[in-house]
Every structure is written in C-alpha cells, then in structure tokens.
Amino acid sequence: MSFYGVELASRVMLGTARYPSPAVLADAIKASKAEVVTVSLRRESGGERAGQSFWSLVRELGVRVLPNTAGCHTVKEAVTTAHMARELFDTTWIKLEVIGESDTLQPDVFGLVEAARILSDDGFEVFPYTTEDLVVADRLVEAGCRVLMPWGAPIGSARGLNNVYGLKSLRAHFPDIPLVVDAGLGVPSHAAAAMELGYDAVLLNTAVAEAGDPAAMARAFALAVEAGRTAYLAQPLEPRDMAAPSTPVIGKAALGD
Amino acid sequence: MRVFLNDDAHDVAPGTLAAALESLGFGGRKIATAVNGRFVAATARAATKLAEGDRIEVVAPMQGG
C-alpha cells in the first residue's frame with residue numbers, strides 16, 4: 001500500500017490524542033504497529049514545554065507523522081494551519097479537516113474541496129477527511145487528492161460504519177485511489193468490516209486512547225485490520241436470503257418411510 | 001510597542017518578529033508562526049517588522065487525531 005508514493009506495511013494509522021500518559025501513548029503506537037500517526041498543532045506560550053516534549057516522544061518512536069488541521073472551520077484557517085504544519089513537521093502531508101457542523105464534526109465538503117485545491121496546487125499531499133459522498137470524492141480527486149478518507153461515523157462516536165452501502169459505492173467508484181476509513185470506529189470489528197469492504201487502511205484514535213487498556217486495544221485493532229484485509233483478498237461470500245446446505249445431500253441415507 | 005501573542009498583550013521593543021520571539025522566550029523552540037492571520041515562515045521572521053497592535057500566533061506540536 002502506498003500513500004503519495006510512500007510504501008507502508010501497516011494499514012493502521014493512529015491518532016496521538018487523549019491518552020492517559022505519554023508512556024501509554026508510546027505503548028499503544030508500538031502495539032498497533034502503526035507507521036503513521038496523526039499530530040496537530042496548538043498555541044504555546046514562552047514558558048510552556050508540552051509541545052516540545054511531545055515532539056521529542058514522536059521523534060523517538062521513529063514514526064511518520066500526518067499533521068491535521070483539526071478545529072478549523074474555514075478555508076483560510078485550514079490553509080494557514082497547513083502551512084504552519086508543513087514547516088513545523090517538515091512534511092508535505094496534511095490531513096485536511098474543514099469542520100462544517102459542531103455537533104457531528106461533519107466536514108464542510110465545499111470548504112474542503114476549495115482548501116484541497118489550494119493546498120494541492122501549493123505542493124501539499126492532501127489526505128482529506130470527508131464524507132462518503134461520491135460527487136465530493138470526485139471533486140477532491142479533481143482538486144489533486146490521491147488519498148480519500150471518508151468518515152465511518154462522527155469523530156469519537158464509536159458507532160462504526162454508519163453507511164456501509166455508501167462506503168462500498170465509494171470503493172467501487174475509486175478502485176485505484178487509496179481509501180481510509182477515518183473516524184467513528186469503536187471496536188476492532190468495525191475496523192475489520194472496513195477492511196472487508198476493500199478499504200486500504202483505517203485511522204483511529206479515541207477507540208484506542210480511551211480504552212481501559214489502550215495498548216491491548218491497539219493490538220486488537222491491528223489484528224482485526226489484518227484479519228479484515230486477509231478476508232477481503234480471500235473474496236468473501238455475498239450474503240443471500242435463503243439457506244444453502246453446507247453438507248452435501250447427494251448420497252444421504254434414505255431412512256424415511 | 002504593544003503586540004498580542006496568542007491573544008495576550010505584551011510590550012516589546014520595536015523590531016522584527018524574530019527579535020520579539022527571542023525576547024518572549026521562544027528562542028530555539030520548535031514553533032510555527034503567523035502574524036495577523038498570515039503564515040510567516042521561520043526563514044522570514046528576521047525580515048518581518050512588527051507594528052503596534054500586531055497579532056502574533058505561535059503554535060507548537062501537539063497530540064492530534
């Protein structure tokens with residue numbers, strides 16, 4: 001699997017927020033086998049060192065970072081944040097979030113497409129946090145995106161895949177674009193389900209960070225993603241309405257009256 | 001000269017963004033900056049003159065999802 005020409009072995013991408021401690025975060029990243037972690041940027045005063053120590057931790061873990069524009073509600077905010085992130089993290093990758101609605105944190109897909117175009121034209125490699133809408137996806141690809149990250153469900157909701165049909169359609173329409181289910185996963189079976197649909201990877205955070213044992217949950221997600229991917233490649237059965245006997249009936253002993 | 005850094009008012013000597021950041025304790029730190037909503041690259045800080053009332057944003061790496 002590759003994103004913008006970068007080959008990755010792991011199909012799990014992990015967020016770094018909401019862990020009980022930096023040590024637990026480090027353990028969870030290792031257990032997930034993630035090679036890419038998402039990071040963000042926030043104001044820091046002259047006396048604070050939190051950001052500097054967090055950055056040291058990420059550097060020590062040797063993982064690639066995908067900075068986000070979380071919390072941005074306008075194109076201008078998102079574009080400026082992306083520029084700051086490119087310099088701060090020394091990467092052209094950006095997880096582009098333009099939030100349109102506060103209760104669901106649903107992407108503002110109009111602003112998203114506009115910001116994606118501006119940033120792609122400026123040399124960024126954009127990972128747009130989007131919905132499963134096919135037309136929006138088309139516009140994002142036209143704007144230069146070579147990865148799409150539709151939500152499974154609202155961020156942090158743990159609801160899993162709200163619209164399996166929509167996600168399947170997206171996979172079918174974009175066979176050559178890496179697709180990542182980003183957000184809303186709650187338990188490993190949700191991740192397995194996404195992978196069984198043929199998705200290339202999953203991105204999750206809260207489900208691991210706020211589990212009772214984040215490292216164990218990270219490992220469970222890694223196993224589920226591997227299982228789901230293997231199942232997809234093994235070409236699973238299509239569901240059917242009626243029973244189909246698994247035991248052959250030919251040659252069955254005639255024992256009736 | 002009064003400027004605002006992450007919304008807090010500070011009195012700094014008239015001069016550049018680089019000098020103001022140094023005087024406010026950001027020297028050598030891993031940060032990114034904007035002035036009045038516009039990104040200012042690290043390489044441009046020494047050539048960016050501040051004016052009275054300018055709004056400086058300073059951000060650092062943070063955990064994110």
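Order of the sequence lines sets the chain letters (A, B, ...), proteins ahead of strands, with each chain counted from 1. Reckoned from all heavy atoms, side chains included, excluding hydrogens, waters and symmetry mates.
More than 12 heavy atoms of other residues, nucleotides or ligands shown are found within 6.0 angstrom of CG on A/Asp121. For A/Tyr4, the OH atom sits in a packed shell: over 12 heavy atoms of surrounding residues, nucleotides or ligands are nearer than 6.0 Å. The 12-atom threshold is exceeded at CZ of A/Arg11, counting heavy atoms of other residues, nucleotides or ligands nearer than 6.0 Å. Within 6.0 Å of CZ in A/Arg18 there are 12 or fewer heavy atoms belonging to other residues, nucleotides or ligands.
In this structure, A/Met84 CE and B/Thr33 OG1 are separated by 6.0 Å, a value rounded to the nearest 0.5 Å. Rounding to the nearest 0.5 Å gives a distance of 12.0 Å between NZ of B/Lys30 and CZ of A/Phe54. With rounding to the nearest 0.5 angstrom, the CD1 atom of B/Ile31 is 9.0 Å from the CD atom of A/Glu87. With rounding to the nearest 0.5 Å, the separation of OG1 in A/Thr80 from CZ in B/Arg38 is 8.5 Å.
Taking 4.5 Å as the limit, every side-chain heavy atom of B/Gln63 sits out of range of all side-chain heavy atoms of A/Val39. In this structure the side chain of A/Glu44 reaches within 4.5 angstrom of the side chain of B/Arg29, judged on heavy atoms. Side-chain contact between A/Leu88 and B/Pro61 is present, with heavy atoms from C-beta onward closer than 4.5 Å.
Using a 4.5 Å heavy-atom cut-off against chain A, no residue of residues 48-56 of chain B qualifies as contacting.
In terms of the side-chain contact (heavy atoms from CB on, under 4.5 Å) criterion, residue partners of A/Ala78 (sequence neighbours excluded) are, by chain and number, A/Thr69, A/Cys72, A/Leu96, A/Val98.
Across A/Leu66, A/Thr38, A/Thr206, A/Asn205, the residue that shares the most heavy-atom pairs under 4.5 angstrom with chain B is A/Thr38.
Between A/Gly51 and B/Ala60 the shortest heavy-atom distance is CA-CB, 4.3 Å.
Of the two parts of A/Glu97, only the side chain, counted from C-beta on, holds a non-hydrogen atom closer than 4.5 Å to a non-hydrogen atom of chain B. Residue B/Asp8 does not touch chain A at all, counting heavy-atom pairs closer than 4.5 Å.
Remark: side-chain polar atoms of A/Asn68 are not paired, donor with acceptor, to backbone N or O of B/Gly64 under 3.5 angstrom.
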